[in-house]
Amino acid sequence: MQSGRIEPQAQHRSPLARLETMGLDPGVYTGHAMGCLFCKIVDKQIPSTAVYEDELAYAFADINPKAPVHILIVPREHFDSLSEAGKDEQELLGHLLWAAAEIAREKNLANGYRIVVNTGADGGQTVDHLHLHLLGGRALTWPPG
Ligand code: 5GP
Ligand code: ZN
């Protein structure tokens, strides 16, 4: 086995749990400490138009909507992106998808909608806090650019 290789189990733990395993204080590395925009929005330090919230998730209107309905659904806990979410986050990821579908129902998007999770540079992610886009209210083209 190569030295320095991360064990598969460790890869599946949350980013903060991994920091603890490494003997580092997770509090120092949270999204807040990194000045994360969406952490500030979740904590209402930066205003947003709330659409839905519960103990795990917060959803708000996108500031630069690309469709008549454009809502961002984010976990309260900071993860840089979908690539950071491990096996421990399966339930949370499912919850975020459920919340998106619930909002779509509430917004009467019976004709259809799209969920997008831009991930990393090639995925076009511009804010490094995991988020789902819910887009609807018009016919969306495919494929995206
Ligand atoms: P990404 O490009 O990372 O997939 O999506 C980031 C989204 O966040 C973009 O659609 C952008 O319009 C939105 N956004 C950026 N800054 C703000 C903000 O301050 N408030 C709100 N509500 N949305 C923002
Ligand atoms: Zn964050």
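For ligands, and for the atoms within them, numbers begin at 1 and follow the listed sequence. Reckoned from all heavy atoms, side chains included, excluding hydrogens, waters and symmetry mates.
Close contacts of ligand 1 with Phe38, meaning ligand atoms under 4.0 Å from a residue heavy atom, involve 8 (O). Interface of His133 with ligand 1, defined as ligand atoms under 4.0 Å from a residue heavy atom, comprises 1 (P), 4 (O), 5 (O), 7 (C), 10 (O).
Taking atom 1 (P) of ligand 1 as the reference point, the nearest protein heavy-atom neighbour is His131 NE2, 3.1 Å.
Between Gly124 and ligand 1, an N or O atom pair is found at a separation short of 3.5 Å. Considering both main-chain and side-chain atoms, His70 never comes within under 3.5 Å of ligand 1 through any nitrogen or oxygen pair. Considering both main-chain and side-chain atoms, Asp62 comes within under 3.5 Å of ligand 1 through a nitrogen or oxygen pair.
For Ser48, the closest heavy-atom approach to ligand 1 does not fall below 4.0 Å. The closest approach between any non-hydrogen atom of Lys66 and ligand 1 is not below 4.0 Å.
When only modelled atom types and interatomic distance are considered, Asp54 and His95 share a side-chain donor-acceptor pair under 3.5 Å.
Relative ring orientation between Phe60 and Phe38 is described as perpendicular, the plane-to-plane angle rising above 60° on a 0-90° scale split at 30° and 60°.
By the criterion of a heavy-atom distance under 4.0 Å, the side chain of Leu37, and not its backbone, is placed next to ligand 1. At a heavy-atom cutoff of 4.0 Å, ligand 1 is contacted by no atom of Ile46, backbone or side chain. Contacts with ligand 1 closer than 4.0 Å are made by side-chain heavy atoms of Ile41 only, the backbone lying farther away.
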Kindly indicate, with the supporting measurements, whether the criterion ring-ring contact (aromatic ring centres under 6.0 Å, His included) is fulfilled by His133 and His131.
CA-CA 7 Å; His133 295 256; His131 53 280; 5.1 Å; yes
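When you scan the N, O or S atoms of His129 for the one nearest the Zn ion (ligand 2), you land on ND1.
With a 6.0 Å radius and a threshold of 12 heavy atoms from other residues, nucleotides or ligands, Glu91 has its CD atom at or below the threshold.
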